[in-house]
Structures are given as structure tokens and as C-alpha cells.
Visitor: 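Handing you this structure, nothing more for now.
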Amino acid sequence: MKLNIIQQRSLWWGISIVLVLVSLVAMAISWQQLGAPLKPGLDFAGGTRLQLTRACVVTDSCTEPLELAEVRQVLGDQGLDSSSLQLLGEDQQVLSIRTRTLTVDERAPLQSALDEAIGPFDPGSTQIDTVGPVVGKQLLVAGLLALLVSFAGIVAYMSLRFKLDYALLAILALAHDVIITAGVFAILGLVLGVEVDSLFIVSLLTIVGFSVNDTVVIYDRVRENMKLSPGSHINDIVDSAVNQTLARSINTSLTTTLPLVAIVIFGGPTLKYFALALIVGFVAGAYSSIFVASSLLALWRERTGQAYSDDPDLVEAQPETQS
């Protein structure tokens with residue numbers, strides 16, 4: 001099957017525009033409701049997180065899931081009404097509480113009150129994490145800086161290997177992947193209370209590396225086809241390059257995505273959402289490399305009068321009209 005990338009580029013761009021707009025709207029709603037485009041986890045927002053597991057899980061005697069209303073009542077009595085709650089595990093017997101930074105003297109009565117009201121909880125399974133707001137802000141700034149540095153490095157690399165226009169179009173495709181991934185997690189944060197942490201930044205950096213690799217392969221084939229077929233129109237060259245690398249792109253995406261699907265299904269809460277971010281980003285990256293970056297290059301070359309050759313020295317006489 002041969003894809004007509006250029007002929008159907010309005011369809012590919014339409015799909016991308018819709019996904020990007022939905023992502024931006026979701027992040028705007030999240031910003032309005034949560035004060036951030038994505039729901040920040042403990043790493044970024046700072047505070048204390050308590051994770052308590054009911055003792056009945058050990059003896060397999062739990063019959064009913066925890067009731068969040070009862071938990072909120074206890075937190076209200078402790079002056080922690082604004083805390084974020086989440087039930088974990090298939091039987092919903094694990095309680096995760098994210099609240100303001102608590103001292104040891106504040107945590108002890110809270111744990112005792114929860115133990116008496118809805119427990120007992122297994123003390124051996126209790127997890128307590130505390131991150132200060134200054135440290136959380138530093139982690140966020142460092143993560144965003146790492147993302148910007150990676151973008152700058154990609155522009156420099158692709159400018160040297162190809163040309164500046166290749167690099168800028170590749171960055172546009174990468175922004176497409178990052179926005180869609182962030183948009184999915186903005187929706188998950190609004191609907192399911194999913195938080196993003198430093199691992200999410202790691203996933204974005206991984207997505208950028210994966211996506212640009214796919215784009216480089218296609219652009220490299222475009223450049224080769226320009227040298228092998230001087231005088232051919234850029235639309236034909238791009239269509240041919242994408243179809244020649246299509247099997248490789250699909251196979252690479254599948255072989256990297258399938259293990260991640262297994263992690264989402266069988267992994268723990270932390271790894272599950274990290275793997276999910278990678279799946280969304282890898283799929284978006286494969287799509288943008290095949291359908292967006294390639295068709296944008298063809299449009300740009302056509303609009304700038306470079307539709308027939310990447311290097312004029314390769315062609316003795318360029319056609320005056322498109323064939």
C-alpha cells in the first residue's frame with residue numbers, strides 16, 4: 001500500500017490541529033481549576049504525601065473499598081480540607097493523601113485519627129514523602145530547562161546535518177508531540193486526578209529523542225532521493241521517501257510500544273503513568289514524523305521556490321512548471 005502523503009496533507013494537518021487544540025484547551029482548563037497546566041505532583045508542588053495500606057490487605061479480609069467521604073471528614077477535623085486524595089490498587093484499599101508540608105508532630109495525630117476511623121492500617125506499608133516548595137520549584141525549572149536545551153541541541157544538530165529549515169520544521173513536529181502528550185495528562189489530571197512528577201519530564205525528553213530520530217530518517221531519505229532524482233518535484237520526492245521508510249517507522253514504533261503496554265497493564269502506579277506518557281508520545285511522534293514533518297517540508301520547499309532540487313548543482317536544467 002502506498003500512502004499519498006502530499007495529496008492528503010489537509011487530512012493529516014486537520015487531525016493534528018484538532019489534537020493540539022484539544023490539548024491546549026485541556027491545559028487551559030487545568031490552569032483555571034488547578035493553577036497549573038498539568039496537575040503537579042509532590043516533586044513540583046511540594047508538601048507531604050502519605051500512602052497508607054489497610055491491614056486487611058495482608059490477611060485478604062477486605063470486603064469494601066475505602067470511602068473518601070470518611071477520609072475527608074477526618075482530614076477536615078485536622079484542618080486539612082484542601083488535601084488531595086486518591087485510592088490505589090484493584091480493591092481500592094490503599095489511600096494516598098497529598099497535603100501541605102506536615103511536621104512529625106502533625107503527622108502522628110493524623111495517622112492515629114485515620115487508623116481509628118477507617119483503619120486499621122499496616123504500619124509496615126506506610127510511605128511518607130516530603131518535598132519543600134523551594135526544592136519542587138527547582139526541580140520544575142531544571143526539568144523545563146533540560147527540555148529547552150534538548151530542543152536547542154536538536155536545532156544545532158539538524159542545521160549542521162541538513163539545513164536550518166529542516167531543523168525548524170522538525171522542532172515544530174516535536175512541539176506537536178510534546179503538546180499532545182501534555183494534553184492527555186492534563187485531561188487525566190482533571191478526570192482521574194493523575195499528577196505529573198519529575199518522571200514526566202524524563203518521558204518528554206525520551207519522546208523528543210525518539211521522535212527526532214524518526215524525522216531524521218525520513219529527511220535523510222528525502223535528501224538522498226533529491227540527489228538520485230534531480231529535477232523531480234519535491235512532492236514526489238517526499239511521497240517516495242515516506243513510503244520507503246514507512247515499514248521501518250512502523251516496526252520501530254511497535255517494538256518500543258508493546259513493552260510499554262505491558263508496563264501499563266502490569267506495572268505499579270509510578271511506572272504505569274511513565275509508560276503511558278511514552279506510549280502517547282511515541283505514537284504522536286511516529287505520526288508527526290510521517291505525516292506532519294514530511295508534508296511541511298514539501299510545502300515549505302514549494303513556497304520558497306525550491307520545489308525541484310535541494311542542490312541546484314545536481315540539476316542541469318530545472319523544469320519551469322510542475323509536472
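Hydrogens, waters and symmetry mates are skipped; everything else that's a heavy atom, side chains included, is used.
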Visitor: For the backbone of Ile207 and the side chain of Ser211, can you confirm whether one donor and one acceptor N or O come within less than 3.5 Å of each other?
Guide: no
Visitor: Glu224: what forms a salt bridge (charged side-chain N to carboxylate O under 4.0 Å, His left out) with it, not counting sequence neighbours?
Guide: Arg221
Visitor: Please lay out, stage by stage, how Leu299 and Trp13 fare under the test side chain to side chain contact (heavy atoms under 4.5 Å, CB included).
Guide: CA-CA 12 Å; Leu299 178 67; Trp13 293 350; 3.4 Å; yes
Visitor: Does Leu276 reach the side chain of Leu188, with side-chain heavy atoms less than 4.5 Å apart?
Guide: yes
Visitor: With Asp214, which residues qualify under salt bridge (charged side-chain N to carboxylate O under 4.0 Å, His left out), at least two apart?
Guide: Arg248
Visitor: Is there a path of hydrophobic side-chain contacts, each under 4.5 Å between heavy atoms, that joins Leu172 and Val292?
Guide: yes
Visitor: Has the side chain of Ser30 got a donor or acceptor atom that lies under 3.5 Å from a matching backbone atom of Met27?
Guide: no
Visitor: Could you report the tightest heavy-atom contact between Ser16 and His176, atom names first, then the distance?
Guide: OG-NE2, 3.1 Å
Visitor: In Å, rounded to the nearest 0.5 Å, how long is the span from OG1 of Thr48 to CZ of Arg98?
Guide: 10.5 Å
Visitor: I'd like to know if the side chain of Asp239 and the backbone of Asn4 have a donor-acceptor N/O pair within less than 3.5 Å.
Guide: no
Visitor: Please find the pair of heavy atoms, one from Leu205 and one from Ala146, that lie closest to each other, and give the distance.
Guide: CD2-O, 3.7 Å
Visitor: Rounded to the nearest 0.5 Å, what separates atom CG in Leu296 from atom OH in Tyr166?
Guide: 13.5 Å
Visitor: Donor-acceptor pair, distance only, cut-off 3.5 Å: does the side chain of Tyr219 make one with the backbone of Ala293?
Guide: yes
Visitor: Just verifying a value: how many Å separate Phe282 CZ and Leu260 CG, rounded to the nearest 0.5 Å?
Guide: 6.0 Å
Visitor: Write down the atom of Thr181, the atom of Ala277, and the distance for their closest heavy-atom approach.
Guide: CG2-O, 3.7 Å
Visitor: Could you tell me the separation between the CD atom of Glu70 and the CG atom of Leu95, rounded to the nearest 0.5 Å?
Guide: 11.0 Å
Visitor: Could you tell me if the side chain of Val212 sits less than 4.5 Å from the side chain of Tyr157, heavy atoms only?
Guide: no
Visitor: List for me each residue that meets salt bridge (charged side-chain N to carboxylate O under 4.0 Å, His left out) alongside Asp165, sequence neighbours excluded, and say none if there are none.
Guide: Arg301
Visitor: Give me the atom names and distance for the closest heavy-atom approach of Leu52 to Phe121.
Guide: CB-CD2, 3.5 Å
Visitor: For a 4.5 angstrom cut-off between non-hydrogen side-chain atoms, does Ile290 reach Leu246?
Guide: yes
Visitor: Indicate the atoms forming the closest heavy-atom contact of Asp177 with Ala284, along with that distance.
Guide: OD1-O, 3.1 Å
Visitor: With rounding to the nearest 0.5 Å, note down the distance linking CG in Leu50 to CD in Gln127.
Guide: 10.5 Å
Visitor: Using the rule that Ile, Leu, Val, Met, Phe, Trp and Tyr join whenever any side-chain heavy atoms are under 4.5 Å apart, tell me whether Leu190 and Val22 fall into a single cluster.
Guide: no
Visitor: For the CG atom of Asn243 and the CD1 atom of Ile5, what is their distance to the nearest 0.5 Å?
Guide: 6.5 Å
Visitor: Quick one: does Val194's side chain get under 4.5 Å of Lys39's, heavy atoms only?
Guide: no
Visitor: Answer yes or no: is there a donor N or O on one side and an acceptor on the other, between the side chain of Ser240 and the main chain of Asp236, under 3.5 Å?
Guide: no
Visitor: So Gln111 and Ile128, do their side chains get closer than 4.5 Å, heavy atoms only?
Guide: yes
Visitor: Side-chain heavy atoms nearer than 4.5 Å, only ILVMFWY residues, links allowed to pass through others: does that put Leu160 and Phe151 together?
Guide: no
Visitor: Say whether Ile180 and Val25 are linked into one hydrophobic cluster, either directly or through other cluster members, by side-chain heavy-atom distances under 4.5 angstrom.
Guide: no
Visitor: Starting from the C-alpha separation in whole Å, work towards a yes-or-no answer on side chain to side chain contact (heavy atoms under 4.5 Å, CB included) for Thr53 and Thr126.
Guide: CA-CA 7 Å; Thr53 303; Thr126 300; over 6 Å; no
Visitor: Do side-chain atoms of Thr257 reach the backbone of Leu254 as a donor and acceptor pair under 3.5 angstrom?
Guide: no
Visitor: Under the 3.5 angstrom rule, does the side chain of Thr252 hit a backbone N or O of Ser249 as a donor-acceptor pair?
Guide: no
Visitor: Check whether any side-chain N or O of Ser289 sits under 3.5 Å from a backbone N or O of Ala286 as a donor-acceptor pair, and report yes or no.
Guide: no
Visitor: Could you go through the side chain to side chain contact (heavy atoms under 4.5 Å, CB included) check for Leu168 and Trp300 one step at a time?
Guide: CA-CA 11 Å; Leu168 296 179; Trp300 173 257; over 6 Å; no
Visitor: With clusters defined by side-chain heavy atoms of hydrophobic residues (ILVMFWY) lying less than 4.5 Å apart, directly or transitively, does Leu174 cluster with Leu24?
Guide: yes
Visitor: Check the pair Leu38 / Phe200 against side chain to side chain contact (heavy atoms under 4.5 Å, CB included), numbers first and verdict last.
Guide: CA-CA 11 Å; Leu38 289 85; Phe200 183 73; 3.8 Å; yes
Visitor: Heavy-atom distance under 4.5 Å between the side chains of Leu204 and Val208, does that happen here?
Guide: no
Visitor: Which pair of non-hydrogen atoms, one from Ile6 and one from Ala298, has the smallest distance, and what is that distance?
Guide: CD1-CB, 3.6 Å
Visitor: Can you check side-chain hydrogen bond (donor to acceptor under 3.5 Å, both in side chains) on Ser295 and Trp12, steps first, answer last?
Guide: CA-CA 9 Å; Ser295 55; Trp12 318 130; over 6 Å; no
